[in-house]
**Student:** 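First the structure, then my questions, so here it is.
Throughout, protein chains are lettered first and strands after them, A, B, ... in sequence-line order, and every chain is numbered starting at 1.
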Protein chains: 2
Amino acid sequence: MTPTRGYHHGDLRRALLDTAVEAISESGPAALSLRDLARRAGVSHAAPAHHFGDKAGLLTALAVQGFDLLAETLGQAGDDLLAAGVAYVDFAVRHRAHFEVMFRPELYRAQDPQVRAASDRAGNVLRDRVAGLPARDGGAGEPGRDALAAWSIVHGFATLWLAGALPPRVGDDPREAARYVISRLVE
Amino acid sequence: MTPTRGYHHGDLRRALLDTAVEAISESGPAALSLRDLARRAGVSHAAPAHHFGDKAGLLTALAVQGFDLLAETLGQAGDDLLAAGVAYVDFAVRHRAHFEVMFRPELYRAQDPQVRAASDRAGNVLRDRVAGLPARDGGAGEPGRDALAAWSIVHGFATLWLAGALPPRVGDDPREAARYVISRLVE
DNA sequence: CGAGCAATCTTGCCAGTGACAAGTTTCGAC
DNA sequence: GTCGAAACTTGTCACTGGCAAGATTGCTCG
């Protein structure tokens, strides 16, 4: 798979990001250790610093990757808001490590231009989907409020799901559960 | 205020919890240092361990305190779901440190009996308020789905607010903004 | 082809942290 | 007043992030 032999690793930056995703999925972003990443990748403890500067730099790169992945996922989800909402929750569960970093700005440099750009891309896709929401009660909906309400409900459900705070009767299929809950808003 | 003189602090447990809330409000739970707490309280670096065992023990106590405070806050908020939802968001903003710990179970012992009891108390109050939700479209609402949708939307809005992820046009008054968003669900 | 330069990675170090062990001081019950 | 238990201290260890300085390698340009 990855050669990893020789003085130069070859693709250390990517390897570190992949390993970080793995480690965060196991124990959360707080427990992430650069030295552990280095050990897993078979390099010295100072190697990560060369590519990312510091821990926040690595998590910044992970956040950019996450927002791009989210934009792509939402873009492929279909036109209507329900499908986009289900895709949002599904993204959070399938890419838990990315999701947990993305919305914890104290862990990385959220004002980094690359982060802002990627975050804007994802936000635009979400807003497009909200525009397809039918107006309620036959009247004109307020796009601002609809967007905030939609984002809040999917983000809240995803967060509670990841935290294990939801009661067992919700089941173990996040997509199905998300569809059930979101339909309360868009029905 | 606090005497703190003599070999015995007098009320170290409470002092540590209060200082922890302060520290977490400043820099988040990940940056919390037991040794820093001890310094702020004017005791030795190993004193906290006597009261809480380890870091997770301190955060467990903080979570219990948080869930109790949430139950109390929701109980005082009034009968209808909108008022409870606004109170939920207001709690998250005013007691940010507690809220951030409560829904990050990897930081503490979430299966601790005291935590489960306090968490159940808060959940029961929330469920009571959902029962007061008028059925939609004149038909019968589904209490399970209504409760999940309500919890999701308030939790999601609160989380996004705390993360600083919401656009500036939402304003700077969390209660007003929360009422605006939640009304989309309960109108 | 090969010389030098920049990127990559290493070793070594320092301060700070959480956890544990063992000792010291004080409180309170009897 | 004594004595046991609770509260707190000192000391230590392994680990972490970050920095500095050095070693190795790939790449570019003549």
**Student:** When the nearest nucleotide of DNA chain D is assigned to A/Ala46 and to A/Arg39 on a heavy-atom basis, which residue is associated with the more 5' position?
**Tutor:**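 The answer here is A/Arg39.
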**Student:** Output all residues satisfying side-chain contact (heavy atoms from CB on, under 4.5 Å) with A/Pro105, sequence neighbours left out; order by chain, then residue number.
**Tutor:**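 Checked A/Pro105 against side-chain contact (heavy atoms from CB on, under 4.5 Å); matches are A/Ala110, B/Ala163.
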**Student:** Where the side chain of A/Val43 is concerned, which of C/dA19, D/dA6, C/dT10 is the nearest nucleotide?
**Tutor:**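 Among the listed nucleotides, the one closest to the side chain of A/Val43 is C/dT10.
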**Student:** Tell me: NE2 of B/His50 to C1' of C/dT25, nearest whole Å?
**Tutor:**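 The distance from NE2 of B/His50 to C1' of C/dT25 comes to 13 Å, rounded to the nearest Å.
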**Student:** Within this structure, what is the CG-to-C1' distance between A/Leu32 and D/dC15, rounded to whole angstrom?
**Tutor:**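 Whole-Å distance recorded here is 14 Å.
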**Student:** For atom CD of A/Gln114, decide whether the heavy atoms of other residues, nucleotides or ligands shown that lie under 6.0 angstrom number more than 12.
**Tutor:**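 Not buried by this count: 12 neighbours or fewer within 6.0 Å.
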**Student:** For B/Gly10, report the nucleic acid contact type (base, sugar-phosphate, nothing); a contact means any heavy atom under 4.0 Å.
**Tutor:** sugar-phosphate
**Student:** In whole angstrom, give the distance that lies between atom CG of B/Asp54 and atom C1' of C/dT17.
**Tutor:** 14 Å
**Student:** Would you mind telling me which of C/dC9, D/dT9, C/dG18 lies closest to the side-chain atoms of A/Ala47?
**Tutor:**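 Side chain of A/Ala47 sits closest to C/dC9.
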**Student:** Could you state the CG-P distance from B/Leu58 to C/dA19, rounded to the nearest angstrom?
**Tutor:**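 Atom CG in B/Leu58 sits about 10 Å away from atom P in C/dA19.
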**Student:** Please report, rounded to the nearest Å, how far the P atom of C/dG18 is from the CG atom of B/Leu34.
**Tutor:**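 About 5 Å, once rounded to whole Å.
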**Student:** Between B/Lys55 (NZ) and D/dT16 (P), how many Å, whole number?
**Tutor:**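 After rounding, the gap between these two atoms is 14 Å.
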**Student:** Quick one: is A/Ser33 getting a side-chain N or O under 4.0 Å of the D/dC15 phosphate, OP1 or OP2?
**Tutor:** no
**Student:** Do the rings of A/His155 and A/Tyr88 sit parallel, tilted or perpendicular, given the 30° and 60° boundaries?
**Tutor:** perpendicular
**Student:** Atom NE2 of A/His45 to atom C1' of D/dG22: distance rounded to whole Å?
**Tutor:**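 Atom NE2 in A/His45 sits about 13 Å away from atom C1' in D/dG22.
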**Student:** Please give, in whole Å, the distance from D/dT12 C1' to B/Arg35 CZ?
**Tutor:** 10 Å
**Student:** Could you work out, with salt bridge (charged side-chain N to carboxylate O under 4.0 Å, His left out) as the rule, every residue matching B/Arg121, not counting sequence neighbours?
**Tutor:**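 B/Asp68.
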**Student:** Select one nucleotide: of D/dA7, D/dG18, D/dT9, the one nearest the side-chain heavy atoms of B/His51.
**Tutor:** D/dA7
**Student:** Please find out if less than 6.0 Å separates the ring center of B/Phe91 from that of B/His95.
**Tutor:** yes
